[in-house]
Q: 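Shown below is the structure under consideration.
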Amino acid sequence: MECYFLRHGPAADPAQWPGDDYDRPLTRDGRKRIEREAETLASLGLEFDAIVTSPLVRAVQTAAIIADVLKISERLVEDKRLGFGFDLDALETVLAERSGANTILLVGHEPSMSSTVGALIGDARIAFKKGALASVTLTGGASPPHGQLVWLIPPKFLLR
């Protein structure tokens, strides 16, 4: 299985956001950047059997933009396990529930995205900027899952 990890796009400043962090949305610039990234993903021919997103607003907005541009909105689901606290155990159960998928896109947050991908590929240190995308090939049915990092693309390279 190919597993893609995407950190949500630029969101409202938490220090200036008056509401609950759960509801903090993408900024106008964040929406535009994710739209451009989605267009790049489409031009590269990337396809996803499923898109699974954290239920936090900024991640849902990011995932919805990607799904809309790729015309696969029916494959988008929210899963609270991708919220804060996402880890290898959560990843394992999310993937087990979608065992028929060949490619899956997971949309989430820091610091759990980088720590989970780092653990998945062998205790590596990974830095996920907002909008960064990683591709990991899962190697076998090990528990916890293991994989090989294929690439990690910073957002500036996805903004064509």
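Predicted, not measured: the structure shown is a model, and the values here were computed from it.
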Q: Say whether I66 and L26 are linked into one hydrophobic cluster, either directly or through other cluster members, by side-chain heavy-atom distances under 4.5 angstrom.
A: yes
Q: Rounded to the nearest 0.5 Å, how far does CG of L56 lie from OG1 of T62?
A: 11.0 Å
Q: What pairs with E97 under salt bridge (Lys or Arg N to Asp or Glu O under 4.0 Å), at least two apart in sequence or on another chain?
A: R81
Q: Indicate every side-chain donor-acceptor pair of residues 117-135 with a distance under 3.5 Å to a residue at least two apart or in another chain.
A:
| residue | atom | partner | partner atom | Å |
| --- | --- | --- | --- | --- |
| S135 | OG | E2 | OE1 | 3.3 |

Q: Would you list the pairs meeting ring-ring contact (aromatic ring centres under 6.0 Å, His included) in which at least one residue belongs to residues 57-78, sequence neighbours left out?
A: none
Q: How close do V107 and A59 get, counting heavy atoms only, and between which atoms?
A: CG1-O, 3.7 Å
Q: CZ of R36 to CG of L158: how many Å apart, nearest 0.5 Å?
A: 10.5 Å
Q: Going only through I, L, V, M, F, W and Y residues with side-chain contacts under 4.5 Å, is there a path from F86 to L152?
A: yes
Q: Is there any side chain to side chain donor-acceptor pair (under 3.5 Å) pair reaching into residues 10-21, and which pairs are they, with sequence neighbours excluded?
A: D21-R24, D21-R58
Q: Can you name the residues that form a salt bridge (Lys or Arg N to Asp or Glu O under 4.0 Å) with D87, not counting sequence neighbours?
A: none
Q: Nearest 0.5 Å, what's the OG1-CG distance between T27 and D29?
A: 5.0 Å
Q: With hydrophobic residues grouped by side-chain heavy-atom distances under 4.5 Å, do L95 and M113 end up in a single group?
A: yes
Q: Measuring from S99:OG to M1:CE, what's the distance to the nearest 0.5 Å?
A: 7.0 Å
Q: Going from CD on E47 to CG on L41, what distance comes out if it is rounded to the nearest 0.5 angstrom?
A: 11.5 Å
Q: What do the steps show when you test L6 against L105 for side-chain contact (heavy atoms from CB on, under 4.5 Å), and what is the final call?
A: CA-CA 7 Å; L6 176 66; L105 174 65; 3.8 Å; yes
Q: Please name the pair of heavy atoms, one in A38 and one in L70, separated by the smallest distance, quoted to 0.1 Å.
A: O-CD2, 4.2 Å
Q: Before giving the answer on side-chain contact (heavy atoms from CB on, under 4.5 Å), spell out for L149 and T137 the whole-Å C-alpha distance, their side-chain angles and the decisive distance to 0.1 Å.
A: CA-CA 7 Å; L149 181 68; T137 300; over 6 Å; no
Q: How close do C3 and L91 get, counting heavy atoms only, and between which atoms?
A: SG-CD1, 4.4 Å
Q: With the 4.5 Å side-chain cut-off for hydrophobic clustering, are L46 and I153 part of the same group?
A: yes
Q: Mind checking side chain to side chain contact (heavy atoms under 4.5 Å, CB included) for P55 and listing every partner two or more places apart, or none if nothing turns up?
A: Y22, E78, K80
Q: Looking just at side-chain N and O atoms, do Q148 and T139 make a donor-acceptor pair shorter than 3.5 Å?
A: no
Q: Sequence neighbours excluded, which residues qualify as ring pair (Phe, Tyr, Trp, His ring centres under 6.0 Å) partners of Y4?
A: F48, W151
Q: Give, for atom CD1 of I65 and atom CD of E39, the distance between the pair rounded to the nearest 0.5 Å.
A: 10.5 Å
Q: Are V77 and T53 side-chain neighbours, meaning at least one heavy-atom pair lies under 4.5 Å?
A: no
Q: If the condition is ring pair (Phe, Tyr, Trp, His ring centres under 6.0 Å), which residues does F84 pass it with, not counting sequence neighbours?
A: H109
Q: Return the minimal non-hydrogen interatomic distance between A63 and I51, and the atom names on each side.
A: CB-CG2, 4.0 Å
Q: Check for me, please, whether I34 and V60 land in the same ILVMFWY cluster - side-chain distances under 4.5 Å, paths through other members count.
A: no
Q: Would you say the side chain of V136 lies within less than 4.5 Å of the side chain of L138, judging by non-hydrogen atoms?
A: yes
Q: How far apart are the closest heavy atoms of D23 and V57, and which atoms are they?
A: CA-CG2, 3.6 Å
Q: For P144 and E92, work out which heavy atoms get closest and say how close.
A: CA-OE1, 4.0 Å
Q: Name all pairs fulfilling the side chain to side chain donor-acceptor pair (under 3.5 Å) condition that reach into residues 111-122, sequence neighbours left out, sorted by first residue then second.
A: E110-S114
Q: Restricting to side chain to side chain contact (heavy atoms under 4.5 Å, CB included), what partner residues turn up for D49, sequence neighbours left out?
A: A101, N102, T103
Q: Return the set of residues passing salt bridge (Lys or Arg N to Asp or Glu O under 4.0 Å) with R75 (not counting sequence neighbours), or none when no residue passes.
A: none
